[in-house]
Protein chains: 2
Amino acid sequence: MAATLSDVARLAGVSIKTVSNVIHDHPNIRPATRQRVLDAIAAVGYRPNLTARNLRSGRTGVISLVLPTLRNPYFAELAEAVIEAAEREGLSVLIEQSRGADAGARANTAQLVDGMLFSTLGSEAEDTGLYAQLPAGPHSPVDHVTMRNTEAIRAATEHLLALGRRRIVALGARPGDTSGAGSLRLLGYRQALAAAGLDARPELERAVESWTRFDGAAATEALLNSGTPFDGIVAFNDALALGALRTLGQRAIRVPEQVSVIGFDDLDDARYSLPALTTISPGREQIATLAVQMLAERIAERGEPLPARTITVPFALVERESTAQKAAD
Amino acid sequence: MAATLSDVARLAGVSIKTVSNVIHDHPNIRPATRQRVLDAIAAVGYRPNLTARNLRSGRTGVISLVLPTLRNPYFAELAEAVIEAAEREGLSVLIEQSRGADAGARANTAQLVDGMLFSTLGSEAEDTGLYAQLPAGPHSPVDHVTMRNTEAIRAATEHLLALGRRRIVALGARPGDTSGAGSLRLLGYRQALAAAGLDARPELERAVESWTRFDGAAATEALLNSGTPFDGIVAFNDALALGALRTLGQRAIRVPEQVSVIGFDDLDDARYSLPALTTISPGREQIATLAVQMLAERIAERGEPLPARTITVPFALVERESTAQKAAD
DNA sequence: TTGTAAGCGTTATCAT
DNA sequence: ATGATAACGCTTACAA
């Protein structure tokens, strides 16, 4: 149905090579010929067939982004950042939902894309940045753009300490975790307490099943019911913090007057919660940009396998209402 | 680099046609031959080249979803639903962000995909379901899966009326709107009031710039400042309703005791707000499923252009805390 | 400056 | 039951 190169060539009375030359702005084309070709292109409404071009070039201009779910605003905002970064590199993004980046799920579209981005590598629901890999094989090198999990939560905790908080809850610890964002963040919390000369209190390290608003609300509920006194909450992500705010609101506990709350992720939601949530901005745009760039490099260097690289991006603490200074202090 | 059909054929000592036959489970293959081919496939780690297959078949197995932004949970949840529906049809989804489905943006990946889904057709930021179209041309027929905008808001308004509310605000009207979801929903609101024998009060129809949490909060602020008394809010989407809840919370106005609030969209957020938001569930999964199916049909019927079709899906009213019956009533 | 022709990896039509 | 071989639409040496 669609017009092809030879349709155009026939109409213009030239060879397909000449048409191709015009399309690719090759030098050495007589202006008259060029014009004739352009007219023919317009006349038949020619659009290059990208599939054929892809077969020839071995590239598709598409990368895939594998993430657990778009319903989680963290991943939705990450996806948006990736799509924008990819567009800047002239790449389109195919989104694939998959818990745990199992090879099976990858194989799905692996032949269709030039490269793949994973928001999480293991089966842990937690994420720490982005992984980039060519679709080549399971053993090809993986680049990683990550964030300063430990330092950021340490800074968050120190922020509450500086406000005079002394009974600070770590919301989001996970029992058996020894790796992943959870344990890195717990470490930062403990470091901050230790540096301030405070003892770690196990009853202030609250475990959750998953880093969701629901679990944040439930854990806060349980915390209140336990009677353990506290005056600050360092939540390991914004969803947990927003859940905590909900429970505190329900129980009529005032934030920030009675309890200071800080999150991690800087979701759009954090700006509109009541009160607006102080949080760690992990550098999402930069993570997306760098991961896409590294992947684009790998795609370009096809054949010369670059060694796996890891980049860590800086974070920022965004102060909002939930940790505002108490008026009477 | 990757093994091809002829690599396999050479190793198995057969022709590529035979290999292809084995791959496609064609009949009439001697078991011994089949086994030899399968062994060869395993030996060289052969994976079919999808790009070549696409060129041959004229299909890519990819559709694109064009939407304004993933940061808006409405679109993120819609995207998730579309991706899941597409997976069921064996399709992958490429996400493209674009305000207003201008032809320029479409052309981008049009050659790469078998079909396109738009969450909004005109330049209006509002959406009403999904539009489905082949990448063929701007004049090809467009299918539309939509929701009962008017009936749903009418039901929402009647829900508040049934609770005894009489001064019900319509939050989300837009000044010059004569078409699109906004005007359809305003119509439903007015119908409900009229049916209840109530006069429409212009001061209760509150305009907003955009259907965001921010504007919902601001409009509610303005409403309170205006001194206009009201006891219910029908928000034209959940974002507006959540913004309203924020302002009401800040002003210590109790929901649902003093004011009942109902939204539209049934976002995940609606479940976790304080109080949890009563809302209209517009049948998002069904919209996504039907739109993908219609598109898949069009892709299959390539050549026999089906006429443009429109399907309207049913809605449901989801009762939560924000319209709970007042205890003392 | 332009044309001819090979080849990307498949699928599918013919023979055999 | 299997093999040659011609497309699919494009890019690109190589010729002319």
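Numbers restart at 1 for each chain; the letters A, B, ... are given by sequence-line order, proteins then strands.
Nucleotide D:dG9 holds its C1' atom 15 Å from the CZ atom of A:Arg47, rounded to whole Å. Rounded to an integer number of Å, the gap from B:Asn54 CG to C:dT10 P is 11 Å. The interatomic distance linking B:Ile41 (CD1) with C:dG9 (P) rounds to 16 Å, in whole Å. Atom CG in A:Asp7 sits roughly 11 Å away from atom P in D:dC8 (whole-Å rounding). In this structure, A:Leu50 places its CG atom 18 Å from P of D:dC8, rounding to the nearest Å. If you measure from atom NE2 of B:His24 to atom C1' of C:dG9, you get 11 Å, rounded to the nearest angstrom. Atom NE2 of B:His26 and atom C1' of C:dT10 are 12 Å apart (whole Å). In this structure, OH of A:Tyr46 is placed 10 Å from P of D:dG9, rounded to the nearest angstrom.
Judged purely by atom type and a 3.5 angstrom limit, B:Gln111 has no side-chain atom pairing as donor or acceptor with the backbone of A:Leu50.
Distance CE/A:Met294 to OG1/A:Thr310: 7.0 Å, rounded to 0.5 Å.
A heavy-atom distance below 4.5 Å is not found between the side chains of B:Ile311 and B:Gln286.
Distances shorter than 4.0 Å separate some side-chain N or O of A:Ser20 from OP1 or OP2 on D:dT11.
Of the residues A:Leu78, A:Leu67, A:Leu295, A:Thr146, the one that meets the side-chain contact (heavy atoms from CB on, under 4.5 Å) test with A:Leu130 is A:Leu78.
Remark: B:Ser210 pairs with B:Thr212, B:Asp215 by the side-chain contact (heavy atoms from CB on, under 4.5 Å) rule, at least two apart or across chains.
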Annotated protein contacts, base or backbone, on nucleotides 2-8 of chain C with a non-hydrogen cut-off under 4.0 Å, one of B, S, - each: SBBBBBB
Criterion side chain to side chain donor-acceptor pair (under 3.5 Å) on A:Ser92 and B:Glu96, from CA distance to verdict: CA-CA 8 Å; A:Ser92 300; B:Glu96 210 152 350; 5.7 Å; no
